[in-house]
J.: 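Before we start, here is the structure in question, set down as structure tokens.
Reminder, nothing fancy here: chain letters follow the sequence lines and each chain counts from 1.
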Amino acid sequence: MAEANPGITPQPMGLRSHYIGSLPEIPTGESVALCGWIAHVREHGEHLVFVDLRDHTGMVQCVVAHRSQLSVEAAARVTGVVDRRPPGTENPNLPTGSIEIRVSTLEILGPAAPLPLPLEDDRDVDEYTRLRWRYLDLRRPRMQRNLRARAAVNAALRRAMETQGFVEVETPLLWTPTPEGAREFLVPSRTQPGAFYSLPQSPQIAKQLLMIAGVDRYYQIARCLRDEDLRADRQFEFTQLDLEASFVTQHDVRRVVSHAIQAAVRAVRGHEAPPIGEITWREAMARWGSDKPDRRFGMELIDLSETMRDSGVRALSAPYVAALVVNEPLSRSRLDELTKRARSLGVQGLAWFRVDSTDPLAVSSPLLRVVPGELVASLVATCGARAGQTILAVADTFVRATSTLGQLRLELGRHQARPEELDIFWVTDFPLFEGLDEDGNPIPAHHPFTMPHEDDLDLLEHEPLRVRSQSYDLVMNGWELGSGSMRVHRQDLQARIFRILGLTPQIAAERFGFLLDAFRYGAPPHGGFAFGIDRLVAILLGEEAIRETIAFPKTSSGQDPLTGAPKPVDPSVLAPLGVRVAVLRGSTS
RNA sequence: GGACCUGUGGUGCAGCUCGGAGUGCACGCCGGCCUGUCAAGCCGGAGGUCGCGGGUUCAAAUCCCGUCAGGUCCGCCA
């Protein structure tokens, strides 16, 4: 995988004269003082002991001529002389493999008890154990690489934003509850007992106020907090590069973001990023069944709506019919599993046609009784399916049919993606709303401050689901890296959208009155973006979970095995906050 | 809220289908030997509430129910 931070070795100070990574460049015979941790000890009797000393820049073999009490992972300081290794004993697997340190002193600065987990990079260790002893887990070279790669990305992003004229402004962590959107973490107020701050899901509203304040170009490496269930790519708290600019178009915003992403790729990978492409939301859904498609492998969906129109086949009659060709003859039991999976994703069923041979056309399918032969033939032809392949088809609404097959496509084909390949592109023209809630009100696809497409403004009241938005996502290797939009900056339009969302003027004023107020005083047109740094770093490093890029992450149930957080607190602590715990356990509703 | 996988000396696993003594492997740890190894090697040793609770059975790591924890996914994530 990529080497993070190649070649950067800090100036030594304090107890050390050199970092281990710089040793190959210094002349033999030079005296050095090295500090680090004892990685391995190899004893050959009393008068020859090899000690591998490791710091974050590398590892070197130290030759000790007398036995002493040594424990693995003790913090140690070695003084001695750099020496060429005797011929035949060089280790080509180590950058320092042609030299060794002839040790004059070896001090144990911090002895180490036997370790509760192995520190070799390639050893699997249970996640709980890793997090329980995170400070040891982080000592592993891979985690050191990850932390340092993340620091390099942060630095590169700051540089990229500064050179593009953006101003870093910090916004409050103690913010006001905004009940739209993600579930929020609440913080009880001591000075106003019974009232609560909330931790921000993002600095969205704050940065819009900064635009009204005349900041013009804002950015921040911002911590965001959302009290939603955790995933491999989601933690309660995560970090975004957040930015916003005034008097700009979405193309300006996207150009700024592209520069930042390219700087981050350079910082970690040491090479240029591939060109950043662009597709519409509709195309992403139609071809890959996802608004964040992984395009590093094929298996594109096929539109069978025309082929099946007026066919009279009930199982394949719906507004939209999508198909996916799998490059193997799936077994009956596998197809049953896939059908179950498709149902669990919310569709009625999964149709399948297995092409057993092409000449003569022999197809297996439970639908052969109801689908005429010529229709089967044209269906197979439309899909371009060959002998030995299986066609999966779903008939439903456009979104349900494509996203169900898109999920199956991922599960069946993801292994084909080359992990080191980077595929980065914009997804544009999202719908403004993604459906209706139980009261029949539209649900914002992005957030309620997103500017509708100018051409679709007339549809807002009567056909809200057809309204496109001026929003754009950035997708990288099948992960949603971030999203942004042009914002509503006019009070009348914002009030209109709140009304369409079903918020009465009273409620809108209560929750967002301060924002609507601000729009009355010369709000500039503005737009911005935010993308997840945890995810960006994970992708650039080839890690599959953002936990690997975070120093102290939580488990999937939101706990921290190292500190034991979250913990109950004493009622005497809660009383001044105006808080009393009513339900200790067994209930979350 | 739901689905699936996992839980066995400090670590990683096998054993579980077909119930029969805590049986096995690798790493680590402790002791001994060893002057050119490099994930050193050789010899010896210690170390277990088979996650927890209940049930079935003459007998449970193994079968059943519940529960807790870790992971992945669905819902959720403006």
J.: Under 3.5 Å, is there an N or O donor on one side and an acceptor on the other linking the side chain of D229(A) and the base of rG75(B)?
T.: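 It does, because a donor-acceptor pair links the side chain of D229(A) to the base of rG75(B) below 3.5 Å.
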J.: NA contact type, F50(A), heavy-atom cut-off 4.0 Å: base, sugar-phosphate, or nothing?
T.: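 F50(A): base contact, heavy atoms under 4.0 Å.
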J.: Any donor and acceptor pair, going by atom type alone, linking the side chain of R134(A) with main-chain N or O of A551(A) inside 3.5 Å?
T.: yes
J.: Give R547(A) one of three labels, base, sugar-phosphate or nothing, depending on what nucleic acid heavy atoms sit under 4.0 Å from its own.
T.: sugar-phosphate
J.: Within the structure, does a side-chain N or O atom of R42(A) lie under 4.0 Å from either OP1 or OP2 of rA40(B)?
T.: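 For R42(A), the contact criterion (side-chain N or O under 4.0 Å from OP1 or OP2 of rA40(B)) is met.
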J.: OP1 or OP2 of rG70(B) less than 4.0 angstrom from a side-chain nitrogen or oxygen of T555(A), does that happen here?
T.: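 Answer yes for this pair, as a side-chain N or O of T555(A) is under 4.0 Å from OP1 or OP2.
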J.: So, OP1 or OP2 of rA69(B): does either fall under 4.0 Å of a side-chain N or O from Q559(A)?
T.: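 For rA69(B), OP1 or OP2 has a side-chain N or O of Q559(A) closer than 4.0 Å.
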J.: Determine, stepwise, if the pair W426(A) / F529(A) fulfils ring pair (Phe, Tyr, Trp, His ring centres under 6.0 Å).
T.: CA-CA 12 Å; W426(A) 297 99; F529(A) 200 78; 5.3 Å; yes
J.: How many Å lie between CZ on R535(A) and P on rC77(B), as a whole number?
T.: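 It is 14 Å, rounded to the nearest whole Å.
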J.: Select base, sugar-phosphate, or nothing to describe what S557(A) touches, counting heavy atoms under 4.0 Å on all strands.
T.: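 Since only primed, P, OP1 and OP2 atoms lie under 4.0 Å of S557(A), the category is sugar-phosphate.
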J.: With respect to the side chain of P116(A), which nucleotide from rG10(B), rG36(B), rG71(B) is positioned closest?
T.: rG10(B)
J.: Measure from NZ or CZ of R226(A) to the centre of the six-membered ring of F185(A), then state whether that distance is under 6.0 Å and the direction lies within 45° of the axis.
T.: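 Relative to the ring axis of F185(A), which defines the angle, R226(A) lies outside at least one limit.
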J.: Measuring only the C1' atom in each nucleotide, how far is rG48(B) from rC43(B)? A whole number of Å is fine.
T.: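 Between the two C1' atoms, the distance is 25 Å.
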J.: Atom CG of L410(A) to atom P of rC74(B): distance rounded to whole Å?
T.: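 In whole Å, rC74(B) P lies 9 Å from L410(A) CG.
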J.: Check whether NZ of the Lys or CZ of the Arg R409(A) lies under 6.0 Å from the centre of the six-membered ring of F297(A) and within 45 degrees of that ring's axis.
T.: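 Relative to the ring axis of F297(A), which defines the angle, R409(A) lies inside both limits.
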J.: Distance check: side-chain N/O of T89(A) vs OP1/OP2 of rU37(B), anything under 4.0 Å?
T.: no
J.: Could you tell me whether E120(A) contacts a base, only the sugar-phosphate backbone, or nothing, with contacts defined as non-hydrogen atoms closer than 4.0 Å?
T.: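 Counting heavy atoms under 4.0 Å across all strands, no contact is made by E120(A).
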J.: Using whole Å, report how far NE2 of H40(A) lies from C1' of rU37(B).
T.: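 Value for this atom pair: 12 Å.
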J.: Does E184(A) reach a base, just sugar-phosphate, or nothing at all? Heavy atoms under 4.0 Å.
T.: nothing
J.: Do the side chain of R343(A) and the base of rC74(B) come within less than 3.5 angstrom through a donor-acceptor pair of N or O atoms?
T.: no
J.: Rounded to whole angstroms, how far apart are CD on E43(A) and C1' on rC33(B)?
T.: 11 Å
J.: Expressed as a whole number of angstroms, how long is the span from E127(A):CD to rU6(B):P?
T.: 18 Å
J.: Taking donor-acceptor contacts at under 3.5 Å, does the side chain of R226(A) reach the base of rC77(B)?
T.: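 Side chain to base: no pair present.
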J.: Scan P86(A) against the nucleic acid and name what it touches under 4.0 Å (heavy atoms): base, sugar-phosphate only, or nothing.
T.: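 Base contact.
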J.: Within the structure shown, what part of the strands sits under 4.0 Å from N91(A) by heavy-atom distance: base, sugar-phosphate, or nothing?
T.: base
J.: Suppose we call a contact any N or O donor and acceptor under 3.5 Å apart; does that hold for the side chain of R231(A) and the base of rG75(B)?
T.: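 For R231(A), whose side chain was compared with the base of rG75(B), there is a donor-acceptor pair (under 3.5 Å).
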J.: Reckon E90(A) touches a base, only the sugar-phosphate, or nothing at all at heavy-atom distances under 4.0 Å?
T.: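 If one applies the 4.0 Å heavy-atom cut-off, E90(A) turns out to touch a base.
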J.: To the nearest Å, how far apart are Q201(A) CD and rC76(B) C1'?
T.: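 So the CD-C1' distance, Q201(A) to rC76(B), works out to 13 Å.
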J.: Can you see if the side chain of R130(A) gets near the phosphate of rG12(B) - specifically, an N or O under 4.0 Å from OP1 or OP2?
T.: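 Negative; the distance criterion is not met.
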J.: Test for a donor-acceptor pair under 3.5 Å between the base of rC38(B) and the side chain of R85(A), counting only N and O atoms.
T.: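 Between rC38(B) and R85(A), which were checked side chain against base, a qualifying N/O pair under 3.5 Å is present.
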J.: Can you tell me the distance, in whole Å, between the CZ atom of R67(A) and the P atom of rU37(B)?
T.: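 The answer, rounded to whole Å, is 18 Å.
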J.: Is the base of rU35(B) touched by the side chain of E46(A) through a donor-acceptor pair closer than 3.5 angstrom?
T.: no
J.: Quickly work out the D124(A) CG to rA26(B) P distance and round it to whole Å.
T.: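 Roughly 19 Å, once rounded to whole Å.
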J.: Taking the side chain of H44(A) as heavy atoms from C-beta outward, which of rA40(B), rC73(B), rU72(B) is closest to it?
T.: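 Taking heavy atoms from C-beta onward, the closest nucleotide is rA40(B).
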J.: Looking just at side-chain N and O atoms, do T450(A) and Q470(A) make a donor-acceptor pair shorter than 3.5 Å?
T.: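 Q470(A) and T450(A) do not have a side-chain donor-acceptor pair below 3.5 Å.
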